[in-house]
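Working notes, beginning with the structure itself.
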Amino acid sequence: QVQVVESGGDLVKEGGSLRLSCTASGLTFDDYAMSWFRQAPGKEREGVSCISRWGVNIYYADSVKGRFTISRDNVKNTLYLQMNSLKPEDTAMYYCAAAQSEYCTASWRASYNYNYWGQGTQVTVSS
């Protein structure tokens, strides 16, 4: 049984930093590209970042480019998202997802490209 579990969400002040983690079990972690998504209340889920199976290809949403860094440790079956210079508009539930392919495709932001999802971890940024 595949399990995807996010952690690291918290309440933080504007300008602060957080590191999210996502551990996956029940699958061969390094067979899959992995992504972070987020969903704020009343808004659609949006893709934040994607990393290919070996970390060679990485993509970011324009809204987080230069502030967030995605990484993975295939030995630990863990995905990370380092978030710096946080803004109130970064407030959302953050989700980790395993893609259907080993690469981040041109449509990496589309939820239908992902087989496995975690339950999310809440990030709240106060002004």
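The structure presented is a predicted model; accordingly, all values stated were derived computationally and were not measured. Along the sequence shown, the residues carry numbers beginning at 1.
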Quiz prompt | Closest heavy-atom pair and its distance - S52, Y103 | solution = CB-CA, 4.2 Å
Quiz prompt | From CD1 (I70) to OH (Y60), nearest 0.5 Å | solution = 6.5 Å
Self-check item: Qualifying residues under salt bridge (Lys or Arg N to Asp or Glu O under 4.0 Å), relative to R19, sequence neighbours excluded
Solution: none
Quiz item: Which value, rounded to the nearest 0.5 Å, describes the distance between C50 atom SG and I58 atom CD1?
Solution: 9.0 Å
Quiz prompt | Under 3.5 Å: donor-acceptor pair, side chain of R67, backbone of S85 | solution = yes
Self-check item: Distance-minimising heavy-atom pair for F37 and V48
Solution: C-CG2, 3.9 Å
Exercise. Give a yes or no answer on whether the side chain of R45 reaches the backbone of Y95 with a donor-acceptor pair at less than 3.5 Å.
Key: no
Practice problem: Under the salt bridge (Lys or Arg N to Asp or Glu O under 4.0 Å) rule, collect the residues that match up with D31, sequence neighbours excluded. | Solution: R53
Exercise. Give a yes or no on whether Q82 atom CD has more than 12 heavy-atom contacts from other residues, nucleotides or ligands under 6.0 Å away.
Key: yes
Quiz item: What about L27 and I51, same hydrophobic cluster or not, with Ile/Leu/Val/Met/Phe/Trp/Tyr joined at side-chain heavy-atom distances under 4.5 Å?
Solution: yes
Quiz item: Is K87 salt-bridged to D90, going by a charged N under 4.0 Å from an acidic O?
Solution: no
Self-check item: Smallest separation among heavy atoms of Y59 and S49, with atom names
Solution: O-OG, 2.8 Å
Quiz item: Between E46 and R38, does at least one N-O distance fall below 4.0 Å, as a salt bridge requires?
Solution: yes
Quiz item: Do T23 and N77 have side-chain heavy atoms sitting under 4.5 Å apart?
Solution: no
Quiz item: So, the side chain of Y114 versus the backbone of M34: is there a donor-acceptor pair under 3.5 Å, distance only?
Solution: no
Practice problem: May I ask whether L81 and V125 are part of the same hydrophobic cluster, defined by side-chain heavy atoms of I, L, V, M, F, W, Y residues being less than 4.5 angstrom apart, directly or through others? | Solution: yes
Quiz prompt | Nearest heavy atoms of A24 and F29, plus distance in Å | solution = CB-CD1, 3.8 Å
Quiz item: Looking only at heavy atoms, what is the nearest atom pair of V75 and D73, with distance?
Solution: N-OD1, 3.0 Å
Quiz prompt | Proximity of F68 and W36 rings by center, below 6.0 Å | solution = no
Quiz item: How far does CG of L79 sit from CZ of R72, to the nearest 0.5 angstrom?
Solution: 7.0 Å
Exercise. Taking the side chain as every heavy atom from C-beta outward, state whether C22 and V4 have any atom pair closer than 4.5 Å.
Key: yes
Quiz prompt | Atom pair CD (E14) and OG (S127), whose distance is rounded to the nearest 0.5 Å | solution = 6.0 Å
Exercise. May I have the step-by-step check of side chain to side chain contact (heavy atoms under 4.5 Å, CB included) for T69 and Y80, ending in yes or no?
Key: CA-CA 8 Å; T69 304; Y80 302 100; over 6 Å; no
Quiz item: Would you find more than 12 non-hydrogen atoms of other residues, nucleotides or ligands less than 6.0 Å from K43 atom NZ?
Solution: no
Quiz item: Sub-3.5 Å donor-acceptor pair from the side chain of T121 to the main-chain atoms of Y94, do we have one?
Solution: no
Quiz item: Considering all heavy atoms of both residues, which atom of S21 and which atom of T78 are nearest to each other, and what is their separation?
Solution: CB-CG2, 4.3 Å
Quiz item: Tell me, do T91 and Q122 make a side-chain contact under 4.5 Å, heavy atoms counted?
Solution: yes
Exercise. Please tell me if the side chains of L20 and E6 come closer than 4.5 Å, counting only heavy atoms from C-beta onward.
Key: no
Practice problem: Would you give the length of the straight line joining atom OG of S7 to atom CD of Q119, rounded to the nearest 0.5 angstrom? | Solution: 13.5 Å
Self-check item: Separation between CG of L18 and CG of L11, rounded to the nearest 0.5 Å
Solution: 9.0 Å
